[in-house]
Protein chains: 2
Amino acid sequence: MARLPEYLRALHNLAETGHETVSSEGLANAAGVNSAKLRKDLSQLGSYGTRGVGYDVGLLIDQIEYVLGLTQRRAVALVGVGNLGHALAGYDGFASRGFRIAALFDADQERVGEEISGLVVRHVDELPRVAAEESIAIGVIATPAAAAQRVADQLVAVGVTSILNFAPCVLTVPEGVDVRKVDLAIELQILSFHEHRKASLTALPATGGSALTALSGGLAVSEGQEAIGT
Amino acid sequence: MARLPEYLRALHNLAETGHETVSSEGLANAAGVNSAKLRKDLSQLGSYGTRGVGYDVGLLIDQIEYVLGLTQRRAVALVGVGNLGHALAGYDGFASRGFRIAALFDADQERVGEEISGLVVRHVDELPRVAAEESIAIGVIATPAAAAQRVADQLVAVGVTSILNFAPCVLTVPEGVDVRKVDLAIELQILSFHEHRKASLTALPATGGSALTALSGGLAVSEGQEAIGT
DNA sequence: AGGCGCTTGTGAAGACGTGCACAAATCGCG
DNA sequence: CGCGATTTGTGCACGTCTTCACAAGCGCCT
């Protein structure tokens with residue numbers, strides 16, 4: 001599931017603070033989910049918990065890392081070293097969690113040759129040559145939307161089957177290629193929606209008839225992380 | 001729903017290319033979703049389509065922007081101008097889609113005073129004063145994980161009720177505060193999982209008995225955007 | 001005016017995820 | 001060795017989301 005990485009992060013935290021075992025309740029709190037859900041998720045991996053005790057932290061980390069395919073350090077190619085690409089190239093969270101940025105590309109000759117945190121930016125047309133040397137598993141697109149589809153095609157052409165897309169557009173890829181999209185503006189717009197909803201609710205606390213407030217009420221329950229705590 | 005912003009983006013694209021109306025089929029393709037799903041989503045807003053013709057692009061844009069609360073340009077406070085924060089501060093996708101970065105903060109005195117794309121970085125302790133001047137609607141946390149919870153508390157204290165968290169940790173906030181989390185490393189790990197799955201499937205195409213491959217098969221269907229096209 | 005093609009809006013069925021509640025299992029202690 | 005405390009693993013029910021399929025409605029052409 002998509003929650004496994006979150007569990008893994010929480011487990012690493014626990015391991016660093018010296019915990020040998022965790023109960024599902026404890027891990028669920030650390031990961032921000034329901035304990036029953038967590039148990040169900042972990043039971044899918046094969047049971048690695050001991051009743052009455054909990055889960056062995058180290059063993060569980062190994063298991064999840066194996067399932068996620070993190071036993072091998074995958075090489076990532078990053079295309080587009082603009083504002084965002086720059087930040088991604090320097091983001092140490094990638095290296096510390098099982099990935100290695102293997103190459104940087106851009107279409108702008110101005111940027112080719114620039115060195116960013118130890119890597120030299122190459123022209124995107126050199127992608128086939130570099131891919132032949134290194135086995136690129138994942139491509140990251142941090143270009144403007146207009147260039148994203150072309151870059152995706154180029155990545156697919158050199159054998160990349162997983163793409164992380166930061167450009168605000170939908171990509172068309174052949175079957176068997178996985179695309180995940182991260183759109184920063186969309187995240188803000190979703191928050192804006194909730195703001196708008198909250199403002200409407202406080203403004204008209206009693207009236208609940210309009211389509212808008214009905215919609216808002218229905219959507220409130222789909223919120224991911226809200227009001228955990230105190 | 002969380003899909004509305006995606007529809008909005010697609011609609012803006014269509015408007016720029018001169019389209020006056022769209023069919024649900026056309027818009028669904030542009031947004032990468034099923035057409036029935038799109039119709040159901042839009043019907044929740046109140047019916048703004050004409051049978052036999054389609055949806056009026058301009059009208060639909062206005063409607064969605066209203067529902068998302070984008071009629072007012074919301075002020076965003078960004079805390080943490082490290083690698084990622086720097087990029088976010090300069091990201092023009094925010095400004096072009098209804099948001100205004102109102103202030104930049106950091107806890108590091110080294111960074112305070114630095115100017116990034118027209119804004120001066122202030123110390124995070126000045127947050128209350130700035131919040132009193134400008135009505136901050138949304139806070140963005142781009143700090144290391146260790147500092148995130150403290151920053152979240154500070155944001156909540158000055159009245160922020162929506163937070164976008166880029167730090168790899170779960171935040172505890174009071175009821176009524178919405179938190180959305182974006183973790184770049186997790187996105188890569190999910191892709192890695194799919195890579196691992198694909199590799200396992202090609203390696204052992206016939207054997208389907210292990211818990212691992214069973215898990216993988218079940219997860220394949222939960223993929224968001226896969227194999228649109230050709 | 002009438003019919004035809006196209007598109008929306010929606011009812012119903014199915015798949016899916018979620019959470020409760022409890023049985024099974026393990027450890028520690030007397 | 002037995003008992004109680006604790007925790008996992010899971011059957012079951014519920015609500016939600018998704019998808020198909022089709023009736024209702026609209027415009028255009030004759």
Side-chain angles (χ1 to χ4, degrees), chain A residues 1-4 6-7 10-11 14 19-60 63-64 190 211 214-228, chain B residues 1-4 6-7 10-11 14 19-60 63-64 190 211 214-228:
Chain A
M1 315 262 180
R3 286 185 292 267
L4 253 31
E6 191 71 37
Y7 301 158
L11 283 166
L14 288 167
H19 294 71
E20 293 278 332
T21 61
V22 221
S23 70
S24 64
E25 190 78 24
L27 184 53
N29 279 352
V33 300
N34 184 292
S35 68
K37 197 192 312 195
L38 180 134
R39 283 199 300 274
K40 209 153 239 173
D41 287 346
L42 293 188
S43 74
Q44 296 288 312
L45 309 184
S47 47
Y48 286 98
T50 317
R51 301 178 190 225
V53 178
Y55 296 92
D56 183 295
V57 173
L59 184 59
L60 206 48
Q63 276 302 316
I64 294 182
I190 294 173
L215 170 64
S216 306
L219 288 173
V221 299
S222 73
E223 175 58 24
Q225 177 193 6
E226 181 172 9
I228 298 166
Chain B
M1 314 271 178
R3 285 185 293 266
L4 253 32
E6 191 71 38
Y7 301 159
L11 283 166
L14 288 167
H19 294 71
E20 294 277 332
T21 62
V22 222
S23 70
S24 64
E25 189 77 25
L27 183 53
N29 277 353
V33 299
N34 185 294
S35 69
K37 195 190 319 192
L38 181 133
R39 284 200 298 276
K40 206 149 242 176
D41 287 347
L42 294 188
S43 73
Q44 297 287 313
L45 309 183
S47 47
Y48 287 96
T50 316
R51 299 180 192 228
V53 178
Y55 296 93
D56 183 297
V57 173
L59 183 60
L60 205 49
Q63 275 302 315
I64 294 181
I190 294 173
L215 171 65
S216 307
L219 290 171
V221 300
S222 73
E223 176 58 24
Q225 177 193 4
E226 182 174 8
I228 297 168

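In this text, all values refer to a predicted model and were calculated from it rather than measured experimentally. Labels below follow one simple rule: chain letters A, B, ... track the order of the sequence lines, proteins then strands, and each chain is numbered from 1.
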Exercise. Of B/Leu27, B/Val22, B/Leu14, which is the lone residue that meets side-chain contact (heavy atoms from CB on, under 4.5 Å) with B/Leu60?
Worked result: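 One option only clears the test, and that one is B/Leu27.
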Exercise. Nearest to the side chain of B/Lys37, which nucleotide is it out of D/dT8, D/dT18, C/dT18?
Worked result: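 From the listed options, D/dT18 comes nearest.
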For this session: Search all heavy atoms of A/Gly49 against all heavy atoms of A/Tyr55 and return the closest pair with its distance.
Result: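 Residues A/Gly49 and A/Tyr55, closest heavy atoms: CA-CD2, 3.4 Å.
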What residues form a side-chain contact (heavy atoms from CB on, under 4.5 Å) with [X], not counting sequence neighbours?
X: A/Glu25; answer: A/Ser23, A/Ser35
X: A/Thr50; answer: A/Val53
X: A/Asn34; answer: A/Ala36, A/Lys37

Exercise. What pairs with A/Arg3 under side-chain hydrogen bond (donor to acceptor under 3.5 Å, both in side chains), at least two apart in sequence or on another chain?
Worked result: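 For A/Arg3, the residues satisfying side-chain hydrogen bond (donor to acceptor under 3.5 Å, both in side chains) (neighbours in sequence not counted) are A/Tyr7, A/Asp41.
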Exercise. Excluding sequence neighbours, so at least two apart, what forms side-chain hydrogen bond (donor to acceptor under 3.5 Å, both in side chains) with A/Glu6?
Worked result: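 For A/Glu6, the residues satisfying side-chain hydrogen bond (donor to acceptor under 3.5 Å, both in side chains) (neighbours in sequence not counted) are A/Arg9, B/Lys181.
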What does the list of N/O pairs under 3.5 Å between the protein and nucleotides 28-30 of chain D look like, with a distance for each?
none

For this session: Indicate whether OP1 or OP2 belonging to D/dC17 is found under 4.0 Å from a side-chain N or O atom of B/Asn34.
Result: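 So the side-chain polar atoms of B/Asn34 never come under 4.0 Å of the phosphate oxygens OP1 or OP2 of D/dC17.
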Exercise. Within the structure, does a side-chain N or O atom of A/Ser24 lie under 4.0 Å from either OP1 or OP2 of D/dT7?
Worked result: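 A/Ser24 to D/dT7 OP1/OP2: no side-chain N or O under 4.0 Å.
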Rounded to the nearest angstrom, tell me the gap between atom [atom1] in [X] and atom [atom2] in [N].
X: A/Glu25; N: D/dT6; atom1: CD; atom2: P; answer: 13 Å
X: A/Leu45; N: D/dT8; atom1: CG; atom2: C1'; answer: 14 Å
X: A/Gln44; N: D/dT8; atom1: CD; atom2: C1'; answer: 14 Å
X: A/Leu27; N: D/dT7; atom1: CG; atom2: C1'; answer: 14 Å
X: B/Leu38; N: D/dC20; atom1: CG; atom2: P; answer: 14 Å

Exercise. Between atom CD of B/Glu20 and atom CG of B/Leu59, what is the distance when rounded to the nearest 0.5 Å?
Worked result: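 Result: 12.0 Å between the selected atoms.
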For this session: Encode nucleotides 9-15 of chain D as B, S and - characters from 5' to 3', where the letter depends on protein heavy atoms closer than 4.0 Å: B to the base, S only to sugar-phosphate, - to neither.
Result: BBBB---
Exercise. Base, sugar-phosphate alone, or nothing: which one does A/Val33 contact when heavy atoms must sit under 4.0 Å apart?
Worked result: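 Nothing: the residue A/Val33, judged by heavy atoms under 4.0 Å, touches no strand.
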